[in-house]
Amino acid sequence: MKKHLLLLTTVVVLLTSCKNETPKGANGVTYKSAVEYNDYIVSRQTTLMKNIMKFISVAENDLDSAEGMLDGYVKETATMVTDIKGMPAFKGDSSLRNAAVNIFGFYKKIFDTDYRDVIHLRKEQDGTSQDIEDRIQAIVKKIEDEEKVFDARFQSAQKDFARKNNMKLIENEMQKEMEEKLDK
């Protein structure tokens, strides 16, 4: 009788512990808390921001090197998008994940298209062509306008996620640093 009771207790404990585990996403990661879920996305966002800042810094002095960086950044960002798409919904909520996929997809596009276009125009520029400068400014303006929309959606989703999961968000110093650099 004791053996059966021990076996039954073991089975109940195993079933209970399996039921409470947060499911793994297609990316193979298990998120045990809202903070872990959010941090998974934010860590990739930080890497992405560092890549943008490094690209801008290099592009100021060496267009060929900056252009070469874009291939790696496109691949890295595509991997990030795939990883984030592989995240399960957290407690049935996929809004933060979806907003992250959208903004990361936007950054992949600007690495692959918009930044390349700016580099090619700058390479053509003979220093006097107002038409080329106007085209560059139009691309930069388009990027800024699109980014505001994606960023607002992401921030809204992140705030809602934090509110629903009783998390306190802290200001991202990297974001402030990037905004200051871009404003120069």
Side-chain angles (χ1 to χ4, degrees), residues 25-29 37-90 93-125 129-161 169 171-184:
N27 63 1
V29 179
Y37 193 88
N38 181 69
D39 286 353
Y40 186 86
I41 294 170
V42 171
S43 68
R44 278 133 190 89
Q45 182 184 32
T46 300
T47 298
L48 191 59
M49 286 190 276
K50 287 179 182 178
N51 289 349
I52 291 169
M53 290 174 61
K54 186 174 180 183
F55 169 79
I56 290 169
S57 179
V58 170
E60 290 173 354
N61 301 308
D62 186 350
L63 294 175
D64 291 329
S65 292
E67 187 173 22
M69 295 167 72
L70 291 176
D71 291 331
Y73 290 166
V74 168
K75 288 178 186 174
E76 184 178 12
T77 307
T79 299
M80 290 177 187
V81 169
T82 300
D83 287 347
I84 293 169
K85 279 182 179 179
M87 294 174 74
F90 190 82
D93 183 2
S94 60
S95 58
L96 178 60
R97 178 197 63 204
N98 295 344
V101 166
N102 289 334
I103 196 167
F104 280 57
F106 163 73
Y107 285 119
K108 179 185 174 288
K109 179 194 77 79
I110 64 171
F111 282 140
D112 202 24
T113 306
D114 298 324
Y115 284 171
R116 288 185 200 279
D117 290 346
V118 169
I119 286 174
H120 293 146
L121 287 168
R122 283 191 55 204
K123 284 182 176 182
E124 287 179 30
Q125 196 169 21
S129 175
Q130 188 60 47
D131 177 56
I132 290 175
E133 187 59 36
D134 290 345
R135 289 168 49 198
I136 290 171
Q137 290 306 312
I139 293 169
V140 170
K141 174 84 168 107
K142 180 180 80 94
I143 291 170
E144 289 173 350
D145 291 347
E146 290 175 359
E147 183 178 35
K148 284 178 187 173
V149 173
F150 283 105
D151 191 50
R153 288 180 191 153
F154 178 76
Q155 286 186 22
S156 176
Q158 192 175 39
K159 286 176 185 172
D160 287 345
F161 183 82
L169 294 176
E171 193 167 353
N172 187 333
E173 292 299 319
M174 178 67 70
Q175 181 75 31
K176 284 173 47 177
E177 184 180 332
M178 186 173 156
E179 288 170 1
E180 288 171 5
K181 184 169 181 110
L182 293 175
D183 287 341
K184 289 181 181 180

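Residue numbers run from 1 in the order of the sequence given. Predicted model, so just to flag it, every value in this text is computed and none were measured.
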>> Within the supplied structure, the quantity of interest is the number of heavy atoms (other residues, nucleotides, ligands) at a distance under 6.0 Å from K109 NZ; does it exceed 12?
In response: yes

> In this structure, are over 12 heavy atoms from other groups packed under 6.0 Å from K54 atom NZ?
Replying inline: no

How long is the span from the [atom1] atom in [X] to the [atom2] atom in [Y], to the nearest 0.5 Å?
X	Y	atom1	atom2	answer
E147	I103	CD	CD1	6.5 Å
I136	D114	CD1	CG	12.5 Å
Q45	N38	CD	CG	9.0 Å
F104	T79	CZ	OG1	12.0 Å
E144	D151	CD	CG	12.5 Å
M69	N51	CE	CG	7.0 Å

Heavy-atom closest contact ([X] atom, [Y] atom, distance):
X	Y	answer
L63	K123	CD1-CG, 3.8 Å
S95	A157	O-CB, 3.8 Å
D62	S65	OD2-OG, 2.6 Å
E60	R122	O-NH2, 4.1 Å
I84	A100	CG2-CB, 3.9 Å
R153	A99	O-CB, 4.1 Å

Is the shortest heavy-atom distance from the side chain of [X] to the side chain of [Y] under 4.5 Å?
X	Y	value
D93	D160	no
I143	F106	yes
M87	I41	yes

> Taking S57 for the side chain and M53 for the main chain, is one N or O donor matched with an acceptor at less than 3.5 Å?
Replying inline: no

> Checking T113 side chain against I110 main chain: does a donor-acceptor pair fall under 3.5 Å?
Replying inline: no

>> Pair D71, K75 - check salt bridge (Lys or Arg N to Asp or Glu O under 4.0 Å), show working.
In response: CA-CA 6 Å; D71 291 331; K75 288 178 186 174; over 6 Å; no

>> Checking Y115 against V74 for the side chain to side chain contact (heavy atoms under 4.5 Å, CB included) test, could you report, in this order, the C-alpha distance in whole Å, the side-chain angles of both residues, the deciding distance, and whether it holds?
In response: CA-CA 11 Å; Y115 284 171; V74 168; over 6 Å; no

> Are the ring centres of Y37 and F161 closer than 6.0 Å?
Replying inline: yes

> What do the steps show when you test F55 against Y73 for ring-ring contact (aromatic ring centres under 6.0 Å, His included), and what is the final call?
Replying inline: CA-CA 9 Å; F55 169 79; Y73 290 166; 7.1 Å; no

